[in-house]
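First comes the structure, then the notes that go with it.
Computed from a predicted structure; not experimentally measured.
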Amino acid sequence: MLDSRWFKAAGVTAAMTLATVTAAHAVPAPEPAAESSAAAVTLRYDDSRAVGWEAAIAAGVASWNANVGNVKLVEAAPGTRAEIQIVATSGWPQATLGPVRPGGQARVELGSQAVAEGHDKTRIAAHELGHSLGLPDTKPGPCSQLMSGSSAGTSCTNAVPNAAERSRVQSAYAGGLVSRAPADGRVLVDAP
């Protein structure tokens, strides 16, 4: 006859084997931090044809990068393709309405006519980049709305998106992917 100690030992061994097999095949639960920290969408810009606007573009890019976490604007290395082409023109500022996707194409024109009338270069650059990220104009609007553009007047130098503007861009690039909705593609001219 078998001793009861053998059954206890066999039961413990079986339980340990079952636990080991189950653990080896179990899918670990995602960590909360990993779920909320999706990779940011990187969009490259080329400002090589925006002579005289370099400081304003750098400040506008810095404003967006500091205020939204799931999309990052970076300067394209020379000779590489950029999703956002930035050029200096003599007309009114204008831009393609996005949201631009990685591998897509948008154009930003930084017009000197707005500067000649007294509008702030950094606000212009940040505003036009906002169009590329999918934000339409909100005219007329107060200075606190970056996308109010020229309607806020020449004294307005705010180049920081407000909470609603940040939220809309965050939503367009949620989950590390750009919105499934196609980019609008219209060209928005920021004339008064």
Side-chain angles (χ1 to χ4, degrees), residues 30-89 93-111 120-138 141 143-149 156-188 190:
E31 295 180 25
E35 273 186 79
S36 64
S37 62
V41 172
T42 299
L43 299 174
R44 295 172 308 272
Y45 67 91
D46 175 2
D47 64 354
S48 62
R49 296 184 297 154
V51 176
W53 286 85
E54 297 86 353
I57 293 166
V61 165
S63 177
W64 278 109
N65 286 343
N67 285 285
V68 294
N70 59 3
V71 63
K72 185 106 174 132
L73 300 172
V74 298
E75 189 169 3
T80 62
R81 188 177 187 289
E83 287 85 8
I84 304 171
Q85 296 292 321
I86 305 174
V87 299
T89 69
Q94 56 186 293
T96 308
L97 181 57
V100 67
R101 293 176 170 85
Q105 191 69 48
R107 181 177 170 94
V108 168
E109 295 184 13
L110 300 175
D120 182 71
K121 280 181 137 181
T122 300
R123 179 173 168 83
I124 293 168
H127 173 91
E128 298 306 327
L129 287 168
H131 288 318
S132 295
L133 297 175
L135 297 177
D137 286 315
T138 55
C143 183
S144 60
Q145 291 177 339
L146 176 60
M147 301 314 293
S148 67
C156 179
T157 61
N158 173 39
V160 177
N162 68 18
E165 294 163 334
R166 291 189 304 268
S167 177
R168 188 161 176 180
V169 170
Q170 289 283 114
S171 178
Y173 293 90
L177 300 173
V178 80
S179 161
R180 291 189 190 274
D184 185 295
R186 287 179 292 155
V187 174
L188 302 179
D190 201 28

**Request:** Ignoring hydrogens and angles, state whether a donor on the side chain of S148 or R123 is under 3.5 Å from an acceptor on the partner side chain.
**Result:**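 Looking only at side-chain atoms, R123 and S148 do form a donor-acceptor pair, the distance falling under 3.5 Å.
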**Message:** L73 vs I84, test: side chain to side chain contact (heavy atoms under 4.5 Å, CB included). Steps then yes/no.
**Reply:** CA-CA 9 Å; L73 300 172; I84 304 171; 4.0 Å; yes
Any idea which heavy atoms bring [X] and [Y] closest together, and the distance?
X    : Y    : value
L146 : H127 : O-ND1, 2.9 Å
Q145 : E165 : C-OE2, 3.5 Å
P161 : S63  : CD-OG, 3.6 Å
T122 : A59  : CG2-CB, 3.5 Å
G52  : K121 : O-NZ, 2.6 Å
Y173 : S132 : OH-O, 4.0 Å

**Request:** In sequence, state the C-alpha distance, the side-chain angles, and the governing distance for Q105 and R81, and then conclude on side chain to side chain donor-acceptor pair (under 3.5 Å).
**Result:** CA-CA 9 Å; Q105 191 69 48; R81 188 177 187 289; 3.3 Å; yes
**Request:** Kindly determine whether R107 and V87 satisfy side chain to side chain contact (heavy atoms under 4.5 Å, CB included), including the steps that lead there.
**Result:** CA-CA 8 Å; R107 181 177 170 94; V87 299; 3.3 Å; yes
**Asked** Applying the side chain to side chain contact (heavy atoms under 4.5 Å, CB included) test to Q170, which of N67, V71, N70 qualifies?
**Response**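 Looking at N67, V71, N70, the match for Q170 under the side chain to side chain contact (heavy atoms under 4.5 Å, CB included) is N70.
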Please report the interatomic distance [atom1]([X]) to [atom2]([Y]), rounded to the nearest 0.5 Å.
X    : Y    : atom1 : atom2 : answer
L135 : M147 : CG    : CE    : 5.0 Å
N158 : C143 : CG    : SG    : 5.0 Å
L97  : D137 : CG    : CG    : 9.0 Å
D47  : E75  : CG    : CD    : 4.5 Å
I57  : Y45  : CD1   : OH    : 7.5 Å

**Item:** Polar side-chain atom of E83 near backbone of G104 as donor-acceptor pair, under 3.5 Å
**Value:**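 Pair absent, no side-chain N/O of E83 close to backbone of G104.
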**Request:** I would like to know whether L43 and W64 meet side chain to side chain contact (heavy atoms under 4.5 Å, CB included); could you show each step before the answer?
**Result:** CA-CA 12 Å; L43 299 174; W64 278 109; over 6 Å; no
**Asked** Do the non-hydrogen side-chain atoms of R168 and P136 ever get within less than 4.5 Å of each other?
**Response**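 Answer yes - side chains close enough.
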